[in-house]
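Read the structure below first, then the notes.
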Amino acid sequence: MLDNRNNDDEYIGRLKPLAVLITLVIFILIARVGYLQIVDGEYYARLADGNRIRIIPTVAPRGTFFDRNGQLLVTNRPGFVVSLLPLTEPIKPEVIARISKLLNVPIEDIQRKIAAHVGFDPIRIKMDVTPDIVTIIEEQKYEYPGVVIEVQPIRNYILKQEGAHTFGYVSEISDEELERKKDEGYKSGDTIGKFGLEKVYDKEVRGENGGEQVEVDVAGKPVQILGKKEPRPGYDLILTIDRDLQVAAELAVDRMLAEIHANAAAAVVLNPQNGEVLAMVSRPAFDPNLFAHGISTKDWNAINTNPYHPMDNKTITGEYPPGSTFKIVTGTAALAAGKVDPYEQIFDGGTHWLIPKGNAGGEALGWLDFHAALAHSDNVYFYEMGNRLGVDLLGHYAKMFGLGSVTGIDLPYESPGLVASKEYKMEVYGEEWFLSETFDAAIGQGFNLVTPLQAAMVMGEIAANGQRFKPHVVKKIVTQNGEVIKDIQPELVGTLDVPPDVIQRVQAGLHEVTKTGTAARNFAGFPYQIAGKTGTAENSQGRDHGWFVGYGPFENPTVSVAVIVEQGGFGATSAVPIGRQILEAAFAIQAQRGSF
């Protein structure tokens with residue numbers, strides 16, 4: 001009996017530590033549960049919600065572009081987008097292979113998008129698919145788990161290639177752009193402005209995306225909508241462009257290129273009194289709609305391999321020798337610096353008496369004063385102006401006109417051009433300057449380079465009595481309700497520091513160009529008095545480039561134009577006819593609607 005009692009006591013003694021241990025474990029578990037519920041309860045509630053709640057974004061439509069008269073230029077249309085939405089599990093490899101074949105999108109591209117994806121947003125695989133693709137996916141849902149069809153606004157460029165370089169285009173954000181812009185709220189799969197106004201004003205026109213807060217079950221199927229945020233559309237842009245004039249300018253350029261079998265040209269039309277750009281044409285062009293829904297390899301290769309570079313906006317990136325249009329600068333400088341009296345007679349015997357350089361056609365025009373020399377674009381006279389001025393003083397006046405610097409227009413990738421100088425030649429070529437190079441600079445050859453926009457600005461400064469306004473393409477930024485967010489006012493950025501009578505004499509000489517000079521034949525019977533200047537720029541790569549710059553009406557200028565035809569030959573035969581058609585259209589529109 002004693003032995004049994006001792007055994008029981010020994011057994012109970014062994015159980016006590018185990019009981020204490022069990023009690024301690026239970027206490028710890030209860031304490032941990034209490035801690036999780038009381039202290040971390042809200043955190044784990046959010047995690048639970050994260051497992052059953054999904055945020056499905058709604059893309060905001062980009063802002064609309066209107067011309068100065070309210071005509072549509074760029075808008076949006078509904079389009080179908082194929083996306084992946086892995087709500088409960090990753091998209092299976094066989095589904096990726098199936099969708100790759102259906103959409104003709106490489107598996108590697110789809111996998112790259114999946115790898116770069118963060119959050120619960122749909123992974124957009126292909127934009128603007130055709131209805132037959134939508135039908136296949138909807139009818140065979142069991143074959144495409146995790147694949148969804150979204151209806152999204154697709155950019156629609158109404159004029160297609162017309163105005164393409166000005167309006168620009170949009171496309172899916174690249175990995176490099178995303179890395180630069182991730183702090184600005186951009187996400188993988190977002191559409192972003194890549195070129196033109198779409199790029200410059202992307203923040204203003206892209207809007208703010210909305211979305212739905214959706215509760216899903218364990219299978220990932222939507223149960224109910226818990227909340228909804230409507231997207232905020234982007235702001236609209238009201239442009240300075242006149243749609244009718246833009247179309248007329250494009251048609252004039254295309255006709256001439258076809259007629260003379262040339263391939264590239266550019267034209268700029270602006271109001272010299274305020275810097276508003278009325279039309280911009282660059283040829284060859286491209287259709288920005290190709291980029292809006294994802295450009296095909298075939299279309300991209302056609303653009304990328306074109307030797308005349310359709311993606312270049314030649315109005316602001318093309319740099320060309322200005323040819324005889326530069327005589328406007330040389331003549332202004334010579335008069336303002338007192339290097340010549342406007343009535344002084346200078347003899348053109350065929351070549352200059354210091355260096356045997358003459359006119360392009362070998363003409364000898366005899367005794368000429370300033371107005372006759374400018375009207376007939378006499379090289380020998382302007383060689384002498386370069387001789388009297390010297391390259392340094394000539395360069396000073398060229399820079400006063402704004403040459404050698406960007407104009408500051410609200411478009412990307414503008415080129416500054418080049419003003420000929422001793423410093424440039426020494427820096428680039430390591431050589432001294434020669435008098436013959438000053439002669440070349442005085443007639444717009446040699447090292448001088450200008451963009452078509454700069455050429456239009458030079459003519460515009462003479463038209464506006466020496467004032468230079470910053471060129472701009474956007475007139476107003478407004479909400480869809482018409483509330484003005486920003487009103488872009490004319491900005492005076494320079495004034496020619498020359499006596500008023502100098503500008504008046506240059507104006508008179510340019511007026512004479514279209515009456516008795518190099519452009520007289522082209523403007524015979526023209527119903528308005530205008531000023532103009534032709535130019536033919538030497539081109540080492542082929543035929544000469546043809547130039548024309550002009551403004552009108554002469555007494556009250558509201559239109560300044562610059563036209564260049566690459567390898568078009570003489571400006572009088574290639575660029576001037578385009579300029580005349582553009583001016584005709586501009587004045588007809590002006591008469592119909594009133595002053596620009």
Side-chain angles (χ1 to χ4, degrees), residues 44-61 76-154 171-175 178 182 186-192 209-231 292-297:
Y44 285 102
R46 287 198 302 270
L47 288 183
D49 282 342
N51 288 329
R52 67 183 181 87
I53 296 174
R54 299 290 184 265
I55 304 298
I56 310 298
T58 304
V59 176
N76 304 290
R77 60 175 176 79
F80 296 112
V81 180
V82 176
S83 303
L84 303 181
L85 190 60
L87 289 174
T88 58
E89 61 181 3
I91 304 298
K92 296 177 180 179
E94 57 267 28
V95 176
I96 294 176
R98 202 171 290 131
I99 203 72
S100 169
K101 182 178 180 180
L102 179 66
L103 301 180
N104 195 26
V105 175
I107 291 178
E108 297 77 18
D109 291 353
I110 298 175
Q111 291 173 334
R112 178 181 55 80
K113 291 185 177 184
I114 293 174
H117 183 256
V118 177
F120 299 110
D121 292 358
I123 306 169
R124 296 180 181 98
I125 304 303
K126 190 166 185 179
M127 306 282 288
D128 202 24
V129 298
T130 55
D132 60 311
I133 297 293
V134 175
T135 301
I136 292 172
I137 294 175
E138 291 295 337
E139 290 183 348
Q140 303 177 22
K141 287 185 177 181
Y142 61 91
E143 294 280 357
Y144 299 95
V147 179
V148 296
I149 301 295
E150 298 182 272
V151 179
Q152 287 193 1
I154 303 294
S171 189
E172 184 177 337
I173 192 169
S174 67
D175 294 339
L178 184 60
K182 60 185 178 182
Y186 290 87
K187 297 179 181 179
S188 178
D190 280 354
T191 295
I192 187 173
N209 292 342
E212 292 182 343
Q213 190 179 44
V214 180
E215 182 181 3
V216 298
D217 60 19
V218 292
K221 295 180 179 179
V223 175
Q224 62 176 325
I225 296 176
L226 302 177
K228 187 174 183 179
K229 177 185 176 183
E230 295 293 340
H293 51 69
I295 190 167
S296 68
T297 301

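Model, not experiment: these values are computed from the prediction.
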What distance do [X] atom [atom1] and [Y] atom [atom2] have between them, rounded to the nearest 0.5 Å?
X      : Y      : atom1 : atom2 : result
Leu178 : Glu172 : CG    : CD    : 10.0 Å
Leu103 : Thr130 : CG    : OG1   : 9.0 Å
Lys101 : Ile107 : NZ    : CD1   : 11.0 Å
Asp190 : Ile173 : CG    : CD1   : 6.5 Å
Leu84  : Ile110 : CG    : CD1   : 7.0 Å

To check you understand the geometry: which heavy-atom pair defines the closest contact between [X] and [Y], and what is its length?
X      : Y      : result
Ile154 : Met127 : CD1-CE, 3.8 Å
Ile91  : Pro145 : CD1-O, 4.0 Å
Pro61  : Asn76  : CB-ND2, 3.9 Å

**Prompt:** Counting heavy atoms not belonging to Phe80, are there more than 12 under 6.0 Å from its CZ?
**Reply:**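 No, not enclosed.
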**Request:** Taking atom CG of Asp132 as the centre, report whether more than 12 heavy atoms of other residues, nucleotides or ligands fall under 6.0 Å from it.
**Result:**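 Count over threshold, so yes.
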**Item:** Ser83 and its side-chain contact (heavy atoms from CB on, under 4.5 Å) partner, picked from Lys113, Lys126, Arg124
**Value:**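 Filter result, single survivor: Arg124.
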**Request:** Would you indicate whether the side-chain heavy atoms of Val129 and Val81 approach each other to under 4.5 Å?
**Result:**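 No - every pair of side-chain heavy atoms lies 4.5 Å or more apart.
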**Message:** Measuring only between side-chain heavy atoms, which start at C-beta, is Ile137 closer than 4.5 Å to Ile99?
**Reply:**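 Contact flag for Ile137/Ile99 side chains = yes.
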**Item:** Non-neighbouring partners of Glu143 that pass side chain to side chain donor-acceptor pair (under 3.5 Å), sequence neighbours left out
**Value:**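 In terms of side chain to side chain donor-acceptor pair (under 3.5 Å), with neighbours along the sequence ignored, Glu143 is linked to Arg98.
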**Prompt:** Judged by atom type as modelled, is there a donor-acceptor pair below 3.5 Å linking the side chain of Ser100 to the main-chain atoms of Val105?
**Reply:**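 Indeed, once roles are kept as given, a pair shorter than 3.5 Å links the two residues.
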